[in-house]
2 protein chains.
Amino acid sequence: MSKQALPVVDLNAVACCSPIAASPMDADQATVVAPMFKALGDPVRLRLMSMIASVPEICVCDLTPAFDLSGPTISHHLKLLREAGLVDSERRGTWVWYRVRPEAFRQLGALLEVSSAPAAGGTA
Amino acid sequence: MSKQALPVVDLNAVACCSPIAASPMDADQATVVAPMFKALGDPVRLRLMSMIASVPEICVCDLTPAFDLSGPTISHHLKLLREAGLVDSERRGTWVWYRVRPEAFRQLGALLEVSSAPAAGGTA
DNA sequence: CCTCTAGGTTGACAGATTTCAAAACAGCGT
DNA sequence: ACGCTGTTTTGAAATCTGTCAACCTAGAGG
């Protein structure tokens, strides 16, 4: 019943910072990282993520009315964001508060870092 | 017949650089950006992207054998990457070469930048 | 204990995604 | 012209996703 479902993505299990462009990512790492990108690959979740990331923390009750969607649908998207390890939630009395997991956020950023131009001399 | 299908994502149409965490992203921008994350949200495409981004350019014939998937399937994933605006392709004789679109890559990275702790005093 | 509100879970369904086999298309070499 | 190899397109099957209505759980307040 632990509502604090352990994130599917274990950040410590990931070679956490070599940029995608530094060297070909191996299949295992791709399997771990892809779900994080996938979680951001839906407009609703991307907005949700942005709203959460823009403040220290935010109540579901402030998230839901920003969309033209039912409560359960928002709840579903928040769950995916949680399972991807991107956000954390905490119940405090009546309300549930969400905040980002900075490590996850940082990792994603690191993955997309541009590492200059590697020299695999193809083009000429 | 133009195989150089115009990317679905028009990079110039995007408020191209304010980090997700800077302020809540509006619905329109989310609609434009989400497909890019979505494209990276599959392990195969993420690896493909990584392989392409790790070198100046790479031939499909070097991409395909890295996976346990049929040629058409790889081709399909490459098409999605192209449509997301993340990569470009060019046929040169018998082979087709892929390379990243640096602008798109940079934009994605910018989106995930951590902008310290913003003070959007909603909470207190 | 009862009721009210905030959120999450279940079940169902339309539409999208992943994948492959088969077929089409594009250059190259003979 | 013909066949060969590399890549994309088409068509179809199995699976996954986004969404809602209905229902359940958690805490607040009588």
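Chain identifiers are assigned alphabetically (A, B, ...) following the order of the sequence lines, protein sequences preceding nucleic acid strands; residue numbering begins at 1 within each chain. Hydrogens, waters and symmetry mates play no part in the numbers below; they use all other heavy atoms, side chains included.
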SB check R106(A) E113(B) (cutoff 4.0 Å):
no
Taking 4.0 Å as the cut-off, does a side-chain nitrogen or oxygen of K38(A) come that near to OP1 or OP2 on dT17(D)?
yes
For L78(A) and dT19(D), what is the distance between atoms CG and P respectively, to the nearest whole Å?
12 Å
Atom CZ of R91(B) to atom C1' of dC28(C): distance rounded to whole Å?
11 Å
Categorize T94(A) for me: base, sugar-phosphate, or nothing, with a 4.0 angstrom heavy-atom threshold over every strand shown.
sugar-phosphate
Between atom NZ in K79(A) and atom C1' in dT19(D), what is the gap in whole Å?
15 Å
Find the distance R45(A):CZ to dT19(D):P and express it as a whole number of Å.
9 Å
Please tell me which of the listed nucleotides, dG7(C), dT8(D), dG8(C), lies nearest to the side chain of R82(B)?
dT8(D)
Chi angles and distances behind the salt bridge (charged side-chain N to carboxylate O under 4.0 Å, His left out) call for K38(A), E83(A):
CA-CA 11 Å; K38(A) 188 177 194 173; E83(A) 288 176 346; over 6 Å; no
Find the distance E90(A):CD to dA26(D):P and express it as a whole number of Å.
17 Å
Please answer whether the main-chain N or O of L69(B) pairs with a side-chain N or O of T73(B) as donor and acceptor at a distance below 3.5 Å.
no
Determine the contact category for L80(A): base if any of its heavy atoms lies under 4.0 Å from a base atom, sugar-phosphate if only primed atoms, P, OP1 or OP2 are that close, otherwise nothing.
sugar-phosphate
Nearest non-hydrogen partners of F105(A) and V114(B), listed with the distance
CD2-CG2, 3.9 Å
Measure all distances between protein nitrogen or oxygen atoms and nitrogen or oxygen atoms of nucleotides 19-21 of chain C, and list the pairs falling under 3.5 Å.
| from | atom 1 | to | atom 2 | distance (Å) |
| --- | --- | --- | --- | --- |
| dT19(C) | OP2 | H77(B) | NE2 | 2.5 |
| dC20(C) | OP2 | S70(B) | N | 3.0 |
| dC20(C) | OP2 | S70(B) | OG | 2.8 |
| dC20(C) | OP2 | T73(B) | OG1 | 2.5 |

Report yes if a side-chain nitrogen or oxygen of Y98(A) is closer than 4.0 Å to either non-bridging phosphate oxygen (OP1 or OP2) of dG8(C); otherwise report no.
yes
Just checking F67(A): base, sugar-phosphate only, or nothing, at a heavy-atom cut-off of under 4.0 Å?
nothing
Same cluster or not: L86(B) versus W97(B), using hydrophobic residues (I, L, V, M, F, W, Y) connected whenever any side-chain heavy atoms lie under 4.5 Å apart?
no
Between atom CH2 in W97(A) and atom C1' in dG8(C), what is the gap in whole Å?
18 Å
Would you mind reading off the distance between L40(B) atom CG and dT17(C) atom P, rounded to a whole angstrom?
15 Å
Under the 3.5 angstrom rule, does the side chain of S50(B) hit a backbone N or O of S23(A) as a donor-acceptor pair?
yes
Between D62(A) and I58(A), what is the shortest heavy-atom contact and its length?
CB-CG1, 3.9 Å
Between C1' on dA28(D) and CZ on R92(A), what's the gap in Å once rounded to a whole number?
16 Å
